[in-house]
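Notes follow the structure.
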Amino acid sequence: MMIPACRLADIPRGEACRLEFDPPIAVFHTEDGEVYAIDDTCTHQDASLSDGWLEGCEVECPLHASRFDLRTGSVDSPPAKRPVRTHQVHVEDGMVYVVLSDAAPNLRPRTAG
């Protein structure tokens, strides 16, 4: 199922927008004009990746500087160890659509306390 996310013009290159799903999703528009979608929550600690720094096809978490590849979700820099889930993106007639992944999200385990 394709979910309309936003208009491409609403995300300047080098920026991201956050979609309020459970869990939230971040849609990134790279400087090269590519569009990617990943789960918005860092797998190390609860931080919004859409608030991070985008460089090329990587986003750096604003909390502890873990870096994730937007294309694969893989971790390129610790302290995070688990990848983020990626989602397919389609752009049609200026609209960005996200196809939610069937994979389970890689959320940080909640600790009792």
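As the structure is a computational prediction, the values presented were derived from the model and not from experiment. Numbering of residues begins at 1 and proceeds along the displayed sequence.
- The heavy-atom pair separating D40 from S50 by the smallest distance is OD1-N, 2.7 Å.
- Closest approach of P79 and H64 over heavy atoms only: CD-O, 3.3 Å.
- V99 and Y97 end up in the same hydrophobic cluster when Ile, Leu, Val, Met, Phe, Trp and Tyr side chains are linked at under 4.5 Å.
- With hydrophobic clusters built from ILVMFWY side chains whose heavy atoms lie under 4.5 angstrom apart, L49 shares a cluster with Y36.
- S77 places no side-chain N or O within 3.5 Å of a backbone atom of R67 that could act as its donor or acceptor partner.
- Hydrophobic clustering (side-chain heavy atoms under 4.5 Å, transitive across Ile, Leu, Val, Met, Phe, Trp, Tyr) keeps V84 apart from V98.
- Screening C61, P62, S48 against C42 for a side chain to side chain contact (heavy atoms under 4.5 Å, CB included) leaves a single residue, C61.
- We find the OG-CZ distance between S74 and R82 to be 14.5 Å, quoted to the nearest 0.5 Å.
- A distance of 9.0 Å separates CD1 of I3 from NE2 of H87, quoted to the nearest 0.5 Å.
- In this structure, CZ on F28 lies 11.5 Å from CD on E58, to the nearest 0.5 angstrom.
- Looking at R18, its side chain never comes within 3.5 Å of a backbone N or O of I25 through a donor-acceptor pair.
- One distance of note links SG of C6 with CG of L19; it measures 6.5 Å at 0.5 Å rounding.
- Checked for salt-bridge contact, R13 and E31 miss the test: no charged N lies under 4.0 Å from a carboxylate O.
- Of all the heavy atoms in P4 and M95, the pair that sits closest is CB-CE, 3.7 Å.
- Closest non-hydrogen pair, V35 versus V89, comes out as CG1-CG1, 3.6 Å.
- With a 4.5 Å cut-off on side-chain heavy atoms, T30 and L70 count as touching.
- Between L8 and H29, the closest side-chain pair of non-hydrogen atoms falls below 4.5 Å.
- A distance of 8.0 Å separates CD of E15 from CG of L54, quoted to the nearest 0.5 Å.
- The main-chain N or O of T41 is never found under 3.5 Å from a side-chain atom of D39 such that the two would form a donor-acceptor pair.
- Across every non-hydrogen atom of P83 and T43, the tightest pair is O-CG2, 3.2 Å.
- Residues V27 and I38 do not share a hydrophobic cluster, clusters being chains of Ile/Leu/Val/Met/Phe/Trp/Tyr side chains in contact below 4.5 Å.
- No path of Ile, Leu, Val, Met, Phe, Trp and Tyr side chains, each step under 4.5 Å between heavy atoms, connects V59 with L63, placing them in separate hydrophobic clusters.
- Here the CG atom belonging to D69 is positioned 6.5 Å from the SG atom belonging to C57, to the nearest 0.5 angstrom.
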